[in-house]
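Here is the structure we will look at, set down as structure tokens.
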There are 2 protein chains.
Amino acid sequence: MATIKDIAKAAGVSVTTVSRALNGYSDVNEKTRIRIRKVADELNYSPNAVARSLVMSKTKTIGLLVSELNRSGAKDMFMFEVMCGINDAASDNDYDLILFSTNPAKQQAKSYSQLCRERQVEGVIMQGIKSHDPYLQEIIDSNIPCVLVDVELEGENVGHVTTDNVFGSQMAVKHLINLGHEKIAMLNGHDQAAVSRKRLSGYRKALEEAGIPFKEEYVMNGEFREDQAETVAFNFLTRNNEVTAMFCASDLMALGVLRAARRIGISVPEKLSIVGFDDITLAQYSHPQLTTIAQDKYQMGYEAARLLTAMLEKSTKKRRIILDNQLVVRESTTQLNS
Amino acid sequence: MATIKDIAKAAGVSVTTVSRALNGYSDVNEKTRIRIRKVADELNYSPNAVARSLVMSKTKTIGLLVSELNRSGAKDMFMFEVMCGINDAASDNDYDLILFSTNPAKQQAKSYSQLCRERQVEGVIMQGIKSHDPYLQEIIDSNIPCVLVDVELEGENVGHVTTDNVFGSQMAVKHLINLGHEKIAMLNGHDQAAVSRKRLSGYRKALEEAGIPFKEEYVMNGEFREDQAETVAFNFLTRNNEVTAMFCASDLMALGVLRAARRIGISVPEKLSIVGFDDITLAQYSHPQLTTIAQDKYQMGYEAARLLTAMLEKSTKKRRIILDNQLVVRESTTQLNS
DNA sequence: TTGTATGCGTTATCAA
DNA sequence: TTGATAACGCATACAA
């Protein structure tokens with residue numbers, strides 16, 4: 001592989017001049033520049049980013065830390081779509097992405113800051129992390145800029161992007177209320193998830209505004225899992241047949257509820273209206289198709305990477321981005337016919 | 001950030017000794033090693049992989065080149081699942097992954113080898129590339145090891161992993177034949193895809209073996225797209241109502257056919273049996289659920305990365321891995337009742 | 001068992 | 001406008 005040294009020799013100049021010529025500095029004679037460019041082309045030169053990184057202490061690299069990148073996350077294409085957005089924004093801003101996928105075992109072996117410093121990433125985007133993850137504290141303590149997806153942490157070097165979960169849930173529940181429902185249950189994720197707490201509060205708000213009393217017994221957790229949701233919903237629905245609508249904190253769980261309803265013989269939406277959250281691909285393919293709160297997952301990723309690059313270039317003081325959600329009405333909800 | 005220099009100073013030894021102590025060389029006194037380790041811990045040292053890469057000319061990095069990593073690929077989680085496998089295998093073999101996403105514009109700007117040399121990746125895994133992609137020739141010419149997913153190229157430095165597409169298709173069509181079908185159409189992808197050619201040949205083979213004449217008019221292309229498949233199938237099925245079964249080169253297209261059939265009023269599977277290919281997540285959620293040929297996407301990725309690392313370490317002469325597929329019978333196929 | 005010196009490919013400082 | 005030289009953090013050949 002040709003280096004600037006080779007070019008220097010071939011062009012009869014010093015490496016300094018080659019470096020400057022190739023990097024577009026003004027203090028180099030146009031003729032020499034052209035000659036050097038020509039030689040570089042002939043030698044099929046490409047700069048060695050590793051060497052450059054070492055001397056500049058800038059790697060132009062963002063670490064993409066994904067907790068448990070695995071098949072189980074495949075169903076809701078959530079991660080993937082976010083990644084697409086991150087990838088595009090990073091690329092637009094001239095950063096490369098290096099993939100770190102962690103799991104508890106790896107976290108034990110290597111600390112967050114070790115991971116980052118080893119590869120000399122300039123910043124990090126984290127996704128799929130739970131609010132009790134041990135890395136979280138390290139992120140705060142560390143001085144390397146980090147943007148979190150769906151974890152509401154802020155600080156000098158840490159920002160986040162999320163969607164308006166409270167309002168999104170309000171929309172969902174309000175939609176049900178507008179359809180005449182009053183006995184509305186909620187199938188939430190789990191208490192460790194920030195989004196779960198937000199969505200619960202949106203649910204309560206909507207009920208409150210409509211003057212419907214909040215009932216503790218109407219709220220349950222499905223761990224964001226389809227099978228778990230099915231089990232929980234099955235038990236709940238067999239016991240509470242006065243309930244006419246259910247708001248689920250994820251589409252995947254809504255799919256589980258759909259199953260449970262089918263098993264019990266409750267027809268959706270005639271006897272039970274269901275609203276999901278996320279608008280995953282599957283939401284359009286289920287029967288009935290899911291009414292849901294759509295999150296722009298691609299946009300979340302895009303904004304996350306954009307925020308990070310802005311932080312890296314110190315061109316912003318912003319540390320929080322909240323995107324709007326949208327109610328998508330499909331087939332799983334309908335007017336209550338009392 | 002602490003460097004070995006700092007450690008050397010603090011421990012009162014030379015950088016050489018530090019380097020050797022930390023890298024587990026035998027020619028260093030155990031006591032000094034322990035002291036150095038302690039100092040390193042105190043200074044919260046982590047090695048700088050960039051510097052190490054430069055001097056060793058080994059980056060322990062694999063480039064993951066994904067053509068058009070974007071939302072459109074989100075529906076079939078194909079890429080994502082393959083990526084999960086790649087990620088795991090790379091991690092198991094102590095390589096990191098750097099994400100390159102290309103598109104025609106970027107390819108214009110930067111050649112394959114430039115891309116690789118800049119980041120000094122040791123090897124590359126490519127996915128989602130079409131058989132007329134300009135990078136393909138560069139891959140062959142280049143001396144940097146590369147493993148392709150679903151593109152059957154081989155050479156000194158290039159290998160591939162794919163599944164047995166011919167046999168997979170044979171299984172699919174044979175399944176239909178066993179159910180009594182004889183008028184079996186095929187909805188293929190496009191001619192630029194190697195897998196399409198393979199799957200077509202499997203289709204022909206199965207027909208041949210059963211003594212059913214191959215009919216050119218029964219084969220069409222749907223570009224691997226759901227909407228395109230729907231259109232093509234709609235036109236075809238309205239004109240050829242003698243056809244009782246259709247083999248699709250992807251599940252996504254099978255979903256399109258399902259739509260077309262519904263629009264026309266052909267019930268599936270009673271009047272039309274459909275077999276897909278891939279076994280994407282959606283296949284289990286459609287109505288009826290798709291009978292399909294399952295490819296182990298995760299395994300494809302895992303094997304790809306494993307093959308590449310083996311090539312990098314020159315521990316194998318193998319350049320081709322072919323995985324078996326599996327027929328998964330669900331609800332979209334049934335006995336022909338004539 | 002330890003240290004000195006050199007180099008990896010690049011950019012940056014300073015002098016010419 | 002150009003060049004000599006040092007530096008980035010690390011590994012290694014060689015010397016001690």
- Given DNA chain C, 5'-ward residue of the pair Ser14(B) and Ala51(B), judged by closest heavy atom: Ser14(B)
- Task: Go through dC10(D), dT10(C), dT2(D) for me and flag the one nearest to the Thr3(B) side chain.
- Result: dC10(D)
- Query: Between dC8(C), dG3(C), dT11(C), which nucleotide has the shortest distance from any of its atoms to the side chain of Arg52(A)?
  - Reply: dT11(C)
- Note on the structure: In whole angstroms, the gap separating P of dG9(C) from CE of Met56(A) amounts to 18 Å
- According to a strict under-4.0 Å criterion, is Tyr45(A) in side-chain N/O contact with OP1 or OP2 of dT10(C)? yes
- Is the shortest distance from a Lys or Arg side-chain nitrogen in Lys60(A) or Asp96(A) to a carboxylate oxygen in the other one below 4.0 Å? no
- Whole Å only: how far is the CZ atom of Arg35(B) from the C1' atom of dT1(C)? 12 Å
- Task: Could you check how far CG of Leu54(B) sits from P of dC10(D), rounded to whole Å?
- Result: 12 Å
- Item | Atom pair distance, as rounded to whole Å: CZ in Arg20(B) and P in dC10(D) | 16 Å
- Please state how far atom CG in Asp27(A) lies from atom C1' in dA12(C), giving the value in whole angstrom units. 12 Å
- Message: Just N and O in the side chain of Ser19(B): are any of them under 4.0 Å from OP1 or OP2 of dA11(D)?
- Response: yes
- Message: If the cut-off is 4.0 Å, is Asn23(B) near the phosphate of dA11(D), judged by side-chain N/O to OP1 or OP2?
- Response: yes
- Item | Among dA11(D), dT2(C), dG9(D), the one nearest Thr32(B) by side-chain distance | dT2(C)
- Item | For Cys146(B) against Leu308(B), the heavy-atom pair lying closest together | N-CD1, 4.1 Å
- Message: To the closest 0.5 Å, what do you measure between CD (Gln127(B)) and CG (Leu64(B))?
- Response: 7.0 Å
- Task: Using atom CG of Asp6(A) as one end and atom P of dG7(C) as the other, report the distance to the nearest whole Å.
- Result: 15 Å
- note: Gln120(A), atom CD; dC10(D), atom C1'; distance rounded to Å ~ 12 Å
- Task: Just call it for Thr16(B): base, sugar-phosphate, or nothing, with non-hydrogen atoms closer than 4.0 Å on any strand.
- Result: base
- Kindly point out which of dC10(D), dA11(D), dG3(D) is positioned nearest to the side chain of Ile4(B)? dC10(D)
- Message: Checking contacts here: which listed nucleotide (dT2(C), dG9(D), dA11(D)) is nearest the side-chain heavy atoms of Asn29(B)?
- Response: dT2(C)
- Message: Just to be sure I understand the rule, does Val55(A) reach a base, reach only the sugar-phosphate, or reach nothing, if contact means heavy atoms closer than 4.0 Å?
- Response: base
- Go through dT2(D), dG3(D), dT10(C) for me and flag the one nearest to the Val13(A) side chain. dG3(D)
- Message: Considering only residues two or more places apart or on different chains, which pairs with a residue in residues 45-57 of chain A satisfy side-chain hydrogen bond (donor to acceptor under 3.5 Å, both in side chains)?
- Response: Ser46(A)-Arg117(B)
- Item | NZ/NE/NH1/NH2 to OD/OE distance under 4.0 Å, Glu154(A) and Arg320(A) | yes
- Rounded to whole Å, NZ of Lys5(B) lies from P of dA7(D) at a distance of 8 Å
